[in-house]
Number of protein chains: 2
Amino acid sequence: MRRNLSETCSTFFSTLANPTRLSILELLYEGPKNVTEIAKTLKQEQSLISHNLRLLERCRFVFSERRKKERFYTLNKETIEPLLKIFGYHAKKYCPKKGKCLTQQGLRQQRKRTASAPLYLARQ
Amino acid sequence: MRRNLSETCSTFFSTLANPTRLSILELLYEGPKNVTEIAKTLKQEQSLISHNLRLLERCRFVFSERRKKERFYTLNKETIEPLLKIFGYHAKKYCPKKGKCLTQQGLRQQRKRTASAPLYLARQ
DNA sequence: AGTTAATATGAATAATATTTCATATGAATA
DNA sequence: TATTCATATGAAATATTATTCATATTAACT
């Protein structure tokens, strides 16, 4: 299979494809936090947060540094901000129902409606 | 857990987090294609391609329409192009080794090197 | 050195996602 | 309407990922 969009790209998106990690990113918008604080705020186990922070850091969605006993994690806003902006724009346009994506049935129905509509082909 | 970045966001990124689907998106850059052609080009089973196209279409990363017996799929460039641009920028900056992400050991070593470097904290 | 607080790690389990295979459905046309 | 080609679907089998739990490591301080 052609795979020019290499494994890296799929790792990049996989790392964002998890509610726990998205919550962490969201929380870090407020500013740098240590592991314990993140765990408390999100009401999750410390080890769960640590495991997930490691994945986020590997992809450089967050940076970290130790200060005494603690380790502080900081959001990589340069990357995360524009990504979420695109998501927001897309969701607003295409996932109108309370942030829910299209269901299988919704998709089928729309296909019927647009059966004789102008070609998407023509748009390109 | 706080989850303002709702399920939708995690679905959005999950759908991109798969090599088969990324290959499909990459191929559709060239222009609209039908299922059989995608399957042949990627040397994968037709049903695998169909299953994955469905996920892509649910998230509106592609659009589709039937023309006679065939169904043509078209890339949603408006969303996919800027997403991949951000990925490219990020990967170039942070994943220098042939597109590979940092390993666990690489991460540990870098932590040591930057132990006394200026605070990430200071950057915000 | 011993103790405590903060974080990290590994291995087992649980939860999800992907792929395959067999078959169904849809559309065109003889 | 029978046949053929194109696509879709469902269920089972695989593979991958997330979470939990127990414990290790690290750093500071007594």
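All chains are named by letter (A, B, ...) in the order of the sequence lines, taking the proteins before the strands, and each is independently numbered beginning at 1. Just so it is clear, the structure is predicted and the values come from calculations on it, not from any experiment.
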Sort out the partner of C:dT18 for me: Watson-Crick or G-U wobble, both distances under 3.5 Å, none otherwise. D:dA13
Identified pairing partner of C:dT29, criterion: Watson-Crick or G-U wobble below 3.5 Å: D:dA2
[N] base to [X] side chain: any donor-acceptor pair below 3.5 Å?
X	N	answer
A:Gln46	C:dA6	no
B:Ser47	C:dC21	yes
A:His51	D:dT20	yes

B:Lys69 near the nucleic acid: base, sugar-phosphate alone, or nothing, with a heavy-atom cut-off under 4.0 Å? base
Ranking A:Ala17 and B:Ser50 by the position along DNA chain D of their nearest nucleotide, the one closer to 5' is B:Ser50
How far does OH of B:Tyr94 sit from CG of A:Asn76, to the nearest 0.5 angstrom? 4.0 Å
Just checking, any donor-acceptor pair under 3.5 angstrom between side chains of B:Gln46 and B:Ser50? yes
What are the two closest non-hydrogen atoms of B:Lys69 and B:Arg66, and how far apart are they? O-NH1, 2.9 Å
Nearest to the side chain of A:Thr20, which nucleotide is it out of D:dT7, C:dT7, D:dT19? D:dT19
Of the candidate nucleotides D:dA6, D:dT19, C:dT7, which contains the atom at the shortest distance from the side chain of A:Asn34? C:dT7
Between P on C:dA15 and CG on A:Leu48, what's the gap in Å once rounded to a whole number? 14 Å
